Protein chains: 2
Amino acid sequence: MEAFRQAVVNTLERRLFYIPSFKIYRGVAGLYDYGPPGCAVKSNVLAFWRQHFVLEENMLEVDCPCVTPEVVLKASGHVDKFTDLMVKDEKTGTCYRADHLLKDFCKEKLEKDPKITEEKAAEFKHVIAVLDEFSAEELGSKIKEYGITAPDTKNPLSAPYPFNLMFQTSIGPSGVSPGYMRPETAQGIFVNFKDLYYYNGNKLPFAAAQIGQAFRNEISPRQGLLRVREFTLAEIEHFVDPEDKSHPKFSEVANLEFLMFPRQDQVSGQSARIIHLGEAVSGGIVNNETLGYFIGRVYLFLTYLGIDKERLRFRQHLANEMAHYAADCWDAEIECSYGWIECVGIADRSAYDLRAHTDKSGVPLVAAEKFAEPIEKLVITPVKKELGLAFKGNQKMVVEALEAMEEKEAMEMKATLESKGEVEFQVCTLGKDVTIKKNMVTISKEKKKEHQRVFTPSVIEPSFGIGRIIYCLYEHSFYTRPSKGGDEQLNVFRFPPLVAPIKCTVFPLVQNQQYEEVAKRIAKSLTAAGISYKIDITGTSIGKRYARTDELGVPLAITVDSTTSVTLRERDSKQQIRVSVEEVASVVKEVTDGLNTWNDVLWKYPTHSSAASED
Amino acid sequence: MEAFRQAVVNTLERRLFYIPSFKIYRGVAGLYDYGPPGCAVKSNVLAFWRQHFVLEENMLEVDCPCVTPEVVLKASGHVDKFTDLMVKDEKTGTCYRADHLLKDFCKEKLEKDPKITEEKAAEFKHVIAVLDEFSAEELGSKIKEYGITAPDTKNPLSAPYPFNLMFQTSIGPSGVSPGYMRPETAQGIFVNFKDLYYYNGNKLPFAAAQIGQAFRNEISPRQGLLRVREFTLAEIEHFVDPEDKSHPKFSEVANLEFLMFPRQDQVSGQSARIIHLGEAVSGGIVNNETLGYFIGRVYLFLTYLGIDKERLRFRQHLANEMAHYAADCWDAEIECSYGWIECVGIADRSAYDLRAHTDKSGVPLVAAEKFAEPIEKLVITPVKKELGLAFKGNQKMVVEALEAMEEKEAMEMKATLESKGEVEFQVCTLGKDVTIKKNMVTISKEKKKEHQRVFTPSVIEPSFGIGRIIYCLYEHSFYTRPSKGGDEQLNVFRFPPLVAPIKCTVFPLVQNQQYEEVAKRIAKSLTAAGISYKIDITGTSIGKRYARTDELGVPLAITVDSTTSVTLRERDSKQQIRVSVEEVASVVKEVTDGLNTWNDVLWKYPTHSSAASED
């Protein structure tokens with residue numbers, strides 16, 4: 001596993017898929033640049049995300065700033081709660097994540113200490129399992145108990161304390177307006193709910209979407225591209241009536257079957273299993289249709305990109321993992337050399353976020369359902385004069401209790417008063433029953449008021465960590481195969497054309513002016529067709545040139561070996577066909593646009609076999 | 001002008017092209033969200049930028065983080081010099097840009113004070129003209145002289161002092177690693193020069209490009225979308241051999257003619273005039289072909305987007321505007337209601353940036369030109385023993401002077417020594433001539449060493465302020481026309497299809513199930529064709545629905561008025577044709593992809609005229 005990862009990462013760094021940022025200044029942990037092929041992959045993934053989600057679902061895309069004033073992140077809870085527990089080397093001041101140190105300690109004991117008892121082993125395993133829920137005190141006492149010291153110096157460690165993960169800054173020159181670099185893009189959508197709802201014709205449901213940078217000042221970044229300090233998020237906030245979470249297009253994904261890992265299965269120690277999405281929703285495993293619809297759409301998105309469906313699972317959050325307000329939450333987890341990695345979170349966050357901003361800003365972020373006909377409404381009118389005479393100083397509490405009655409209770413009281421003239425009535429705030437007489441209250445159902453119902457919409461939020469998805473895609477796409485001589489292993493990324501950073505390469509077989517002119521003509525027609533290509537006129541052997549572009553995941557290569565027709569070679573099968581110079585750009589376009597597969601075009605054109613062509 | 005701007009801005013805000021950020025919390029000056037149509041326009045502009053520059057020129061696109069460690073911005077000069085001069089209200093602490101206060105004062109005097117003398121008026125005009133070059137002291141003394149006070153309170157002001165415009169933050173938890181939010185994207189490219197040069201096969205010229213957020217903590221943002229605290233930049237760094245700035249594709253733009261405003265014309269008080277680009281380069285107005293090539297490409301980019309070519313000019317920087325290291329610099333300025341606004345800067349920054357990072361990091365950011373054949377090299381070997389005997393204590397200075405000779409001078413000396421045996425030689429450091437004899441020096445041209453020339457490349461940098469371009473595009477695209485009844489003015493954005501946020505709308509003429517089903521079928525075929533559309537099934541009159549989408553700049557509208565064929569209407573001409581339900585998506589695609597113009601399709605299909613259709 002380590003060796004595989006090293007092979008992938010070496011290839012990625014050597015071919016500039018990514019570069020540690022500010023490398024000439026010895027870099028900054030947790031910051032990476034996307035080099036040319038990585039940047040192209042990212043832009044392809046984002047373009048497809050826009051196509052698959054925003055365009056297909058008519059979402060309202062917005063683009064908000066990264067710099068965010070404190071009040072917004074105070075309302076969302078990030079200022080107070082977006083923290084990790086940190087310990088400091090008491091002598092050098094170096095900082096560590098407390099949970100990482102404890103986890104590393106337990107893992108090392110389990111892996112490298114052959115003398116530990118079964119009992120101890122079970123304890124370490126348990127600690128690893130419940131680590132995420134430890135309080136600062138619990139973490140601190142475990143670190144003390146195990147005698148864990150600073151990894152680099154063996155110095156003693158401070159007690160764990162919370163460190164806020166937001167990058168702080170100051171807005172404007174006065175120094176009195178604190179701000180933060182946003183830790184997620186979602187808040188920009190929530191604060192605009194009112195305008196977006198209006199833009200959508202005051203109709204629910206609708207979704208807003210945003211792609212943008214987010215920032216987390218990690219204490220000690222690890223795991224390469226998986227835990228970084230700045231990353232691209234793509235987030236959807238789907239606003240829906242909490243009383244109707246059905247989805248009109250659910251049937252389009254209901255018959256999908258894939259690996260799911262429901263809460264009960266995790267608790268009872270089972271493994272993830274293939275579940276029919278429609279049954280997961282109808283059986284109540286997934287909370288509602290809209291949540292289920294997005295789970296299905298995320299599955300399609302990831303597998304279209306080239307994520308291996310056998311290493312993709314949807315894991316439901318355990319009850320204690322989920323925020324108290326969340327109705328249900330599923331993570332799309334992708335397996336890579338680092339284990340199962342959360343790449344997309346799909347959460348039903350109920351009305352939490354809109355309520356929080358309503359409270360803080362005083363601007364009601366609500367929706368209204370207008371009724372075509374006026375609805376019946378319960379009207380309870382206590383007769384204060386009579387109640388005052390009867391209950392004196394307790395009058396207020398009796399009035400409040402009467403007004404607070406639910407419809408059912410009130411209608412029963414009405415019936416009893418009409419038949420018996422009085423009724424016993426419990427007033428909790430008085431701690432006793434009182435006798436209500438017919439003249440003390442009127443109860444009726446009236447058909448007037450309330451032509452609309454005003455409510456805070458629920459939010460269903462699919463949130464995509466684009467960098468994580470791309471890294472997993474790299475691992476899932478990577479393989480090696482022996483060179484023709486068999487003396488070395490060649491690297492290949494089997495990116496689908498959708499993702500491939502460059503769609504096509506153009507190689508004049510030998511260095512001569514005629515072939516180079518044909519290559520230029522083809523290059524021009526590729527540009528006109530909007531296909532990204534790379535032209536390689538070096539005298540290197542054609543086999544080496546193929547190997548170079550296989551390593552970039554380029555799906556098709558054109559070798560110019562005559563002035564009228566050329567050889568078109570597919571990356572994974574290494575099959576070759578002959579196509580005329582005039583036609584070749586349109587054949588490449590068909591395949592890379594996904595209108596035809598390689599197999600479709602294969603039988604249309606003569607195949608080409610040349611022993612000399614590879615290696 | 002004010003009224004026109006107000007009409008544009010009202011429409012933009014009402015239709016959510018943009019929204020002041022965090023509005024429900026009363027917003028933050030200088031931060032704006034792009035709402036759905038604005039976001040779509042932006043993403044169209046960026047996609048076209050990628051097509052027009054990155055793909056067309058095979059540029060290496062990279063994507064670097066916004067968070068930047070201090071050392072990088074120290075090297076670039078931003079930590080020390082990226083400042084504006086600020087004054088503070090001495091009582092309230094409110095901050096103002098010193099130059100803005102002075103400018104406002106002079107303008108107000110000129111506009112509103114009828115009593116000022118001609119002399120005074122000339123002085124105020126002069127101050128406005130030279131304002132940008134005032135030092136803190138000069139600004140301060142003018143403010144004092146004019147008795148300028150804080151605009152809101154009339155309190156006295158502090159002396160002007162520099163305020164750094166970067167948002168500062170801290171990287172990691174230790175608090176000892178200062179960082180900033182990048183003020184431009186260029187530095188991320190410069191620090192990667194070595195890797196990118198290698199990626200390009202160690203060949204010059206090549207260009208790298210980056211699109212991303214940049215941040216400037218403006219003292220007091222004004223002018224709406226034109227001066228903001230966070231914005232999207234698209235930057236190109238074209239690396240080129242300083243000894244050869246020709247461009248192979250210059251001929252493709254050489255015949256363009258457009259408004260240019262060379263330095264001399266500005267100094268001599270002339271206006272911008274139409275100049276032939278090829279002549280501007282050959283005549284030395286533009287420093288070199290590569291700079292000229294990019295000027296031409298920027299012109300094409302902006303006019304394709306819909307910028308009015310009569311309100312677009314390329315203005316050369318005056319000598320005192322330009323950084324000392326810059327070889328030449330031209331701004332693409334677009335005229336809008338705020339005046340001529342710099343939207344793209346195109347600068348030949350010579351070797352400055354790469355040298356600065358080479359010096360700071362110790363990593364040589366250089367290129368090498370390998371010579372196919374070894375070149376002849378001048379070798380001057382002073383014979384120190386003989387020189388020591390002849391010149392004693394002055395020996396060192398004579399040696400240095402000999403070694404410093406240019407080829408021509410050395411070869412002349414060689415000839416003279418061979419013919420006459422000695423030569424008079426001026427040694428500047430001694431302030432006199434000395435006599436050099438044949439045995440004191442050997443001079444030869446040797447064919448060996450130096451198979452390559454190592455040098456720091458020049459950088460030509462086109463830098464695009466995307467938000468400013470988009471705002472100017474809004475103004476240039478906006479017009480009003482009377483409604484059919486003539487009782488109101490309707491707003492229209494004449495966006496080209498390339499830019500339009502939505503390409504097409506679908507309206508069932510009346511609310512019935514048949515038409516709605518046809519509309520859904522058309523919607524599906526539009527999605528399949530990758531065309532963004534909006535469907536409006538409200539019962540509003542068709543004229544009102546047209547007006548609504550004209551205001552979003554939607555170029556084409558499909559009205560479903562039968563189950564077999566539909567009406568297709570063009571926004572600006574209001575012309576209508578009849579197209580079959582099956583064909584309509586592909587007709588829309590032809591026009592919006594730019595394969596055909598509206599006029600091309602107009603004669604192919606029957607025209608439709610219905611008095612009832614508008615209003």
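Only heavy atoms go into these numbers, but all of them, side chains included; no hydrogens, no water, no symmetry mates. All figures in this text were calculated on a predicted structure; none of them were measured in a lab. Just so it is clear: chains get the letters A, B, ... in the order the sequence lines come, proteins before strands, and each one is counted from 1.
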Review point. Any idea how A:Tyr25 and B:His357 line up, ring-wise: parallel (<30°), tilted (30 to 60°), or perpendicular (>60°)?
Key: perpendicular

**Study point:** Heavy-atom pairs under 4.5 Å with chain B, option from A:Pro37, A:Gly188, A:Ala208 with the top count
**Key:** A:Pro37

Check your understanding: Which answer fits A:Asp536, side chain, backbone, both or neither, if we ask what part of it has an atom under 4.5 Å from a heavy atom of chain B?
Key -> neither

Review point. Given A:Phe231 and A:Gln213, is the side chain to side chain contact (heavy atoms under 4.5 Å, CB included) satisfied, shown in steps?
Key: CA-CA 6 Å; A:Phe231 45 96; A:Gln213 294 301 91; over 6 Å; no

Check your understanding: Just by modelled atom types, is the A:Gly172 backbone N or O under 3.5 Å from a matching donor or acceptor in the B:Asn217 side chain?
Key -> yes

Study note, to complete from the structure: Per-residue tally against chain A (heavy atom, under 4.5 Å) across B:Cys39, B:Ser220, B:Pro173 peaks at B:Pro173

Exercise for review: Under 4.5 Å, counting heavy-atom pairs only, tell me which of B:Phe163, B:Tyr199, B:Tyr32, B:Phe193 racks up the most with chain A.
Suggested key: B:Tyr199

Check your understanding: Hey, are A:Gln168 and B:Thr169 close enough side-chain-wise for a donor-acceptor pair under 3.5 Å?
Key -> no

Exercise for review: Let me know if A:Leu365 has heavy atoms under 4.5 Å from chain B in its side chain, its backbone, both or neither.
Suggested key: side chain

Point to revise | Donor-acceptor contact below 3.5 Å, side chain B:Glu57 vs main chain B:Ala207 | key: no

Practice item. With rounding to the nearest 0.5 Å, note down the distance linking CG in B:Leu225 to OH in B:Tyr18. Key: 5.0 Å

Point to revise | Contact class of A:Val67 relative to chain B, heavy atoms under 4.5 angstrom | key: both

Practice item. Tell me, for A:Leu552 versus chain B, whether the close heavy atoms (under 4.5 Å) come from the side chain, the backbone, both or neither. Key: side chain

**Study point:** chain B contact via A:Thr68 - side chain, backbone, both or neither, heavy atoms under 4.5 Å
**Key:** both

Check your understanding: Would you find a donor on one side and an acceptor on the other, under 3.5 Å apart, between the side chain of B:Arg182 and the backbone of B:Gln187?
Key -> no

Exercise for review: Could you tell me which of A:Pro221, A:Ser177, A:Cys66, A:Ser170 has the largest number of non-hydrogen atom pairs under 4.5 Å with chain B?
Suggested key: A:Cys66

Practice item. Against chain B, label A:Val363 side chain, backbone, both or neither, depending on which of its atoms sit under 4.5 Å from a heavy atom there. Key: side chain

Point to revise | A:Tyr533, part contacting chain B, at a heavy-atom distance under 4.5 Å | key: both

Point to revise | When B:Gly201, B:Cys64, B:Ala75, B:Gly212 are compared by non-hydrogen pairs under 4.5 Å with chain A, the top option | key: B:Cys64

Practice item. Considering only heavy atoms and a distance below 4.5 Å, find which of B:Pro69, B:Ser21, B:Ala47 pairs most often with chain A. Key: B:Pro69

Point to revise | Choice from A:Ser532, A:Ser43, A:Ala528 maximising heavy atom contacts with chain B below 4.5 Å | key: A:Ser43

Point to revise | Backbone N/O of B:Met166 and side chain of B:Asn164: donor-acceptor pair under 3.5 Å | key: yes

Review point. Can you say whether A:Met181 sits under 4.5 Å from chain B via the side chain, the backbone, both, or neither, judging by heavy atoms?
Key: side chain

Study note, to complete from the structure: Distance col, row A:Arg14:CZ vs B:Asp195:CG, nearest 0.5 angstrom, shows 12.5 Å

Review point. Which region of A:Ile219, side chain (C-beta onward) or backbone (N, CA, C, O), has a non-hydrogen atom less than 4.5 Å from a non-hydrogen atom of chain B, or is it both or neither?
Key: both

Exercise for review: Keeping the roles fixed (side chain from A:Asn44, backbone from A:Ala40), state whether a donor-acceptor pair exists under 3.5 Å.
Suggested key: yes

Check your understanding: Hey, which of A:Leu16, A:Leu31, A:Leu60 has the most heavy atom pairs under 4.5 Å with chain B?
Key -> A:Leu16

Review point. Counting heavy-atom pairs under 4.5 Å to chain B, which of A:Val28, A:Ile531, A:Ile502, A:Asn192 comes out on top?
Key: A:Asn192

Check your understanding: Which answer fits A:Phe167, side chain, backbone, both or neither, if we ask what part of it has an atom under 4.5 Å from a heavy atom of chain B?
Key -> both

**Study point:** chain B contact via A:Arg26 - side chain, backbone, both or neither, heavy atoms under 4.5 Å
**Key:** neither

Check your understanding: Given that the side chain runs from C-beta out, which part of A:Glu230 has a heavy atom under 4.5 Å from chain B: side chain, backbone, both or neither?
Key -> side chain

Exercise for review: Using a cut-off of 6.0 Å, state whether more than 12 heavy atoms not belonging to B:Lys524 lie near its atom NZ.
Suggested key: no

Exercise for review: Look at B:Lys42, B:Glu61, B:Gln51 and state which one has the largest set of heavy-atom pairs under 4.5 Å with chain A.
Suggested key: B:Glu61

Check your understanding: Can A:Tyr161 and A:Leu85 be said to form a side chain to side chain contact (heavy atoms under 4.5 Å, CB included), step by step?
Key -> CA-CA 5 Å; A:Tyr161 61 97; A:Leu85 292 165; 5.7 Å; no

Revision key, fill the gap. Most heavy-atom pairs under 4.5 Å with chain A, out of B:Ile535, B:Ile171, B:Thr538, B:Thr527, belong to B:Ile171

Point to revise | Side chain / backbone / both / neither for B:Ile19 at chain A, heavy atoms under 4.5 Å | key: side chain

Check your understanding: Looking only at atom types and distance, does a side-chain atom of A:Thr232 sit under 3.5 Å from a main-chain N or O of A:Ile466, one as donor and one as acceptor?
Key -> no

Exercise for review: Indicate yes or no for a side-chain donor-acceptor contact from B:Arg15 to the backbone of B:Gly35 under 3.5 Å, with no hydrogens or angles considered.
Suggested key: no

